[in-house]
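Contents: one structure, followed by commentary.
Not measured: the values here are computed from a predicted model. Numbers for residues simply follow the sequence, beginning at 1.
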Amino acid sequence: MAASQRGSGRARPAREPCLADRMRAALWGPAEFVGPPGPGLLAHGLAVGAAGTGAVTAAGAVGMWAGPPVLARGEAGLVVVAALVVYLAVLRAGRALVGIVAVLGVCLTLTVPQAAAGLALAERGRVEQARVASVERVPGHRRSFCELVPESPHAPPGTRIWRGCTAATGPGDDLTIVYDPRGRAPLRGSAQPHERRATALRPAALALGVALMSALAVVRSFRLTASTAQAETHRKTHRKTHGQPEGRTPGEWQRGTQGGTQGDTDDRKRHDREG
């Protein structure tokens, strides 16, 4: 893609890069444009970020409602993140930005199934009481884990949940649980309103981070092509050969020269008439 289509239309002057420039380009991308990125380059970055984030989110949501159960476990999201990282590597984006996208993408893949399960249980979940067999207190942690009795319906033997399991819960107490009649969402305790909000906000923040960092990696991956660099060098050589001042287009230089010549002619005619 040409510099006029992807960048802002102004290329940086060619110069010999030093070691610091090479390291900065390798880590954060070359970004060989001056001023804000062009609309084409910006649209490309936003499209890549939105496509990657949407694919990861859609895989978890579809698997929880109607698609294959493998989609709900997160494997498909990891494949999407890997494809996004490979695409950024093909663009030769900054390695630091690619690493950030990979970490945020994996975190998003792990949180989307949990958020989708919460939405599915809120939509079609069934509530019932289950007996607590034992309680495990985690030192230095606010959570406690309650293990349900093996006879609990809709709960496999050895099921441990933390939602609704408080410090006051003990063996033999009844605990409110929510299960999915379709069997897609895992059983969990009854969540409090603040827990539901946190479960929904966490993947939203991660999705926004993946989209923005992917767009930034694509934008900063822009570099001058060989043909563009040669055209820039040829333009400068042509200006120096024909005596054209640097920084002015041929049309501006010609108009300025003609205007000065015409002005000198008018002054000479006016002087002759007065004389």
Side-chain angles (χ1 to χ4, degrees), residues 1-18 20-63 71 74-112 115 201-236 249:
M1 186 175 292
S4 61
Q5 295 176 348
R6 298 187 61 189
S8 59
R10 298 173 56 199
R12 287 179 177 176
R15 63 182 181 87
E16 188 67 24
C18 61
D21 293 336
R22 295 193 188 98
M23 293 182 61
R24 182 166 52 251
L27 290 175
W28 304 106
E32 295 179 350
F33 53 83
V34 178
L41 180 60
L42 189 59
H44 181 199
L46 293 177
V48 171
T53 304
V56 173
T57 306
V62 170
L71 296 177
E75 288 88 344
L78 292 177
V79 173
V80 173
V81 173
L84 178 60
V85 170
V86 170
Y87 181 76
L88 295 178
V90 170
L91 292 180
R92 293 188 294 172
R95 297 177 182 177
L97 296 177
V98 174
I100 294 174
V101 170
V103 172
L104 292 178
V106 171
C107 295
L108 177 63
T109 303
L110 297 177
T111 56
V112 163
L201 291 177
R202 192 177 299 114
L206 289 172
L208 181 61
V210 172
L212 293 180
M213 295 307 297
S214 300
L216 181 62
V218 172
V219 170
R220 291 193 60 85
S221 69
F222 173 74
R223 51 179 45 83
L224 291 175
T225 61
S227 59
T228 305
Q230 292 175 359
E232 181 73 12
T233 304
H234 177 73
R235 182 179 60 83
K236 292 183 177 181
T249 63

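- Here the straight-line distance linking atom CG of Leu110 with atom CG of Leu78 works out to 6.5 Å at 0.5 Å rounding.
- Expressed to the nearest 0.5 Å, how far CG of Leu97 lies from CE of Met213 amounts to 5.0 Å.
- Across Leu206, Thr57, Val79, Val81, a single residue satisfies side chain to side chain contact (heavy atoms under 4.5 Å, CB included) together with Thr109, and that is Val81.
- When side chains are defined from C-beta on, Val210 counts as touching Leu84, because their heavy atoms get closer than 4.5 Å.
- At least one donor-acceptor pair closer than 3.5 Å links the side chain of Arg220 to the backbone N or O of Trp28.
- Taking both residues in full, the closest heavy atoms of Val112 and Pro203 are given as CG2-CB, 4.5 Å, listed atom of the first, atom of the second, then distance.
- Between Gly52 and Val80, the closest heavy-atom pair is O-CG1, 3.8 Å.
- To the nearest 0.5 angstrom, Thr111 atom OG1 is 11.5 Å from Leu201 atom CG.
- Here the options are Val48, Val218, Val86, Val98, the test is side chain to side chain contact (heavy atoms under 4.5 Å, CB included), and the partner is Leu91; only Val218 passes.
- In this structure, Leu27 CG and Arg95 CZ are separated by 8.0 Å, a value rounded to the nearest 0.5 Å.
- Heavy-atom minimum distance, Gly77 versus Val56: O-CG2, 3.9 Å.
- One distance of note links CG of Leu88 with OG of Ser221; it measures 8.0 Å at 0.5 Å rounding.
- Taking each heavy atom of Ala93 and Ala217 in turn, the nearest pair found is CB-O, 3.6 Å.
- How far CG of Leu108 is from CZ of Arg202: 12.0 Å, rounded to the nearest 0.5 Å.
- Listed here is the closest heavy atom pair of Pro37 and Leu41: CB-CD2, 4.0 Å.
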